[in-house]
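One structure below.
Heavy-atom basis, side chains included; hydrogens, waters and symmetry copies ignored. Residue numbering restarts at 1 for every chain, and letters A, B, ... go by the order of the sequence lines.
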Amino acid sequence: MPCFLLTFYLLTSRKISPPTMSQVRVRFAPSPTGFFHIGSARTALFNWLYARHTGGVFVLRIEDTDQARNSEEFLNVIYDSLTWLGMNWDEGPKVGGSYGPYRQSERAPIYKDYLQKLLDAGRAYEKDGAIWFKLLGERSEVYDDHRKKTVTKVANAPAVIDDQIRGRVERLEDEDFVIFRSDGNPVFHFVNVVDDIAMKITHVIRGEDHLSNTSKHVELFKAFGVQPPVFAHIPLILKQNGPGKMSKRDQGALIEEYQKRGYLPEALVNFLSLLGWSPKDDREKMLLADIISLFNFPGINQSNARFDDKKLAHMNMAYLLELPADDFVARARAYFEKQGTPVAAAALAADPAYFREVMLISQPKIKAIEELPAYTAYFFTEDFSTDAKVRDKIMGKGEPKARLAELTEMLATADFSSDTAIEEAIKALATAKGLGFGDYQSVARLAVSGTNVGPSLTGLFRVLGRERTLARLAKLAA
RNA sequence: GUCCCCAUCGUCUAGCCCGGUUAGGACACCACCCUUUCACGGUGGGCACCGGGGUUCGAAUCCCCGUGGGGACGCCA
């Protein structure tokens, strides 16, 4: 096929991967004006996945041209969140690269150069102290009653956007727009395009909210005489309740919140990958390596997705259940270390081997790391609270004190070396008394834990040990 | 208001491109089973093609119009 035909084919066919002659270069370009949220993380993830899928380069670029709204704190949140989620960047702040600097606040000379090109070509002019991009075409004054002012319209041909997800989109850009503010700083549309050119970005993967901006960008690329990159506008994430897209103010929107709550980053990544993308079969819980190898543009769908924290919680639980023992204990310990509560302090002060046992009998029972401190509190203090409702119910039925006495007598000499040994002993006692395991369980559980839910009773006894178990039984019997 | 995008269970989605399925999976929900509490797990259940027109022997699938949802319209990004 002749080269121009191939190019034509690639540009006009929907959802077809671009030429692989040169290496894919994608970028994630957050602006540090607020906390890092779910939507940004998903955009970053799709870029990262595409780079890893194609063996390309993932660039991190900081869009901090709006000095009034930027902060170093937010910048660090971005670095931390990306790192926590495992999205390492190949070029960008901290790691460098051949197209730096990677913070727009440090690229002023580059923007001046590109502005000069536009000025020289007669495609930019000054008005009201700002510099405007000049569209080509006949001009006319029109009153815009939405904006309540007269605007200058330019008779222009629609910009054509060949989008990997949307297909061919046409949008008319018919008004000049500001590219340099009167304070001398360039605006988003300008720096975005200039940097994509200067950094040789091949694919722009971003939220659909930018689709309407893309006509501006296409006009700028044309003015610079550069072929625009391949665009892929991904669907937005809608807030869980109520109308509109998710924003940083919405419940559950912030990445650092999940980090603090002890969510597993691999679970969050898996969940996020499924918001707007699917491997097209029934797989949901997937190895990262599989997500990378399966990820592509045709798998991305076109409609917005609503965030569902229940599904995320379920994914997190599924990962938690499979975590190797050492890993689970380490993450549990890290979570306790961040708490700073008396219960957490007591847990951390306990013998590490004991802490480990407590965590491991709890692992199959909990849905999230954040449940652990409350779930295991009675292991680390004798001053644990008792659920009054549960106590009244259990103590008010049958002969709980008799069961307690029988258990106490038997446990004094029982084998505490394994769960099965304890189980056999309790079963033997129950059989001897003509009762069942259940007759002993509820009251014993109440005595040692103050509640009616928790790990297996035998595990409880074994981990607590004979002395503490007997002491707690005695306390309730008193 | 103008422009752009989108439309399958409550939610995430498969199926759509290239018309023929009992419209599949997962979360959530309900029931039952397992069980030593709580979970996990297992089995089963209820639950969807937005509406209307076309095209066709046949439409979730193709076309048009409605309607609904989302986005953009800044010297924010």
So which atom in [X] and which in [Y] form the shortest heavy-atom distance, rounded to 0.1 Å?
X	Y	result
A:Ser456	A:Asp419	OG-OD2, 4.1 Å
A:Thr408	A:Leu470	O-CD2, 3.7 Å
A:Lys367	A:Leu320	O-CD2, 3.6 Å
A:Ala332	A:Ile369	N-CD1, 4.3 Å
A:Lys365	A:Tyr375	CB-OH, 3.1 Å
A:Leu136	A:Asn156	O-OD1, 3.9 Å

Item to complete: Return each pair, listed once, that meets side chain to side chain donor-acceptor pair (under 3.5 Å) where at least one residue sits in residues 125-142 of chain A; pairs must be two or more places apart or across chains.
Response: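 Pairs touching residues 125-142 of chain A that pass the test: A:Tyr125-A:Asp176, A:Arg139-A:Asp176, A:Glu141-A:Thr152.
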Watson-Crick or G-U counterpart of [N], or none if no pair lies under 3.5 Å:
N	answer
B:C38	none
B:C16	none
B:C29	B:G45
B:G1	B:C73
B:U21	none
B:A7	B:U67

Worksheet entry | Atom pair CZ/CZ of A:Arg27 and A:Arg61 - distance to nearest 0.5 Å |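 Separation between the atoms: 5.0 Å.
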Rounded interatomic separation in angstrom, taking [atom1] from [X] and [atom2] from [N]:
X	N	atom1	atom2	answer
A:Asp282	B:A23	CG	P	16 Å
A:Gln302	B:C17	CD	P	13 Å
A:Lys216	B:C3	NZ	P	16 Å
A:Asn192	B:C76	CG	P	15 Å
A:Leu211	B:C3	CG	P	15 Å
A:Phe180	B:C76	CZ	P	13 Å
A:Gln104	B:A77	CD	C1'	9 Å
A:His217	B:A77	NE2	C1'	10 Å

Please determine, for the side chain of [X], which listed nucleotide ([options]) has the closest atom?
X	options	value
A:Ser303	B:A77, B:A7, B:A72	B:A7
A:Arg147	B:C75, B:C73, B:U13	B:C73
A:Ala130	B:A72, B:C75, B:A77	B:C75

Using the [atom1] atom as the reference point in each nucleotide, state the distance between [N] and [M] in Å, no decimals.
N	M	atom1	value
B:C65	B:A7	C1'	15 Å
B:A60	B:G51	C1'	14 Å
B:C62	B:G1	C1'	33 Å
B:C38	B:U22	C1'	38 Å

Item to complete: Could you encode protein contacts along nucleotides 27-47 of chain B as a string, one character per nucleotide from 5' to 3', using B for base contact, S for sugar-phosphate-only contact and - for no contact, with a heavy-atom cut-off of under 4.0 Å?
Response: SS-------BBBBS-------
Discussion item. Generate the contact string for nucleotides 63-69 of chain B. Rules: B means base contact, S means sugar-phosphate contact only, - means no protein heavy atom under 4.0 Å.
Written reply: -------
Please check the phosphate of [N] (OP1 and OP2 only) for any side-chain N or O of [X] closer than 4.0 Å.
X	N	result
A:Arg283	B:A26	no
A:Lys280	B:C17	no
A:Ser278	B:A14	yes

Discussion item. Tell me which residues in residues 387-399 of chain A lie within less than 4.0 Å of RNA chain B, going by non-hydrogen atoms.
Written reply: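 Within residues 387-399 of chain A, no residue comes under 4.0 Å of RNA chain B.
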Discussion item. For RNA chain B, which residues of residues 249-257 of chain A approach it to below 4.0 angstrom with any heavy atom?
Written reply: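 Of all residues in residues 249-257 of chain A, none places a heavy atom under 4.0 Å from RNA chain B.
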Fill in: Residue mapping more 5' on RNA chain B - nearest nucleotide basis, A:His189 or A:Trp277
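Comparing both residues, the 5'-ward one is A:Trp277.
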Worksheet entry | Residue mapping more 5' on RNA chain B - nearest nucleotide basis, A:Val187 or A:Glu170 |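 Closer to the 5' end of RNA chain B: A:Glu170.
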Should the ring pair [X] and [Y] be called parallel, tilted or perpendicular, given that the plane angle runs from 0 to 90° and is split at 30 and 60?
X	Y	answer
A:Phe295	A:Trp277	tilted
A:Phe224	A:Phe190	tilted
A:Phe36	A:Phe28	perpendicular

Classify the nucleic acid contact of [X] as base, sugar-phosphate or nothing, counting any heavy atom under 4.0 Å across all strands shown.
X	value
A:Gly436	nothing
A:His233	nothing
A:Asp144	nothing

Worksheet item: Are A:Phe188 and A:His217 an aromatic pair by the rule of ring centers under 6.0 Å?
Response: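 Judged by ring-centre distance (under 6.0 Å), A:Phe188 and A:His217 do meet the cut-off.
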Worksheet entry | Output field: ring centroids A:Tyr50/A:Phe297 closer than 6.0 Å |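 Under 6.0 Å, so yes.
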Item to complete: Check the surroundings of atom CD in A:Glu409: do more than 12 heavy atoms from other residues, nucleotides or ligands lie under 6.0 Å from it?
Response: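 For A:Glu409, atom CD is not crowded (no more than 12 foreign heavy atoms under 6.0 Å).
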Discussion item. Run A:Ile300 and A:Gln164 through side-chain contact (heavy atoms from CB on, under 4.5 Å) and show every step you take.
Written reply: CA-CA 9 Å; A:Ile300 300 176; A:Gln164 295 293 297; over 6 Å; no
Worksheet item: Has the side chain of A:Ser182 got a donor or acceptor that lies under 3.5 Å from a partner of the other kind on the base of B:C75?
Response: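 When only heavy-atom distances are counted, A:Ser182 does reach the base of B:C75 through a donor-acceptor pair under 3.5 Å.
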Discussion item. Restricting to ring pair (Phe, Tyr, Trp, His ring centres under 6.0 Å), what partner residues turn up for A:Tyr102, sequence neighbours left out?
Written reply: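 Counting only residues at least two positions away or on another chain, A:Tyr102 forms no ring pair (Phe, Tyr, Trp, His ring centres under 6.0 Å).
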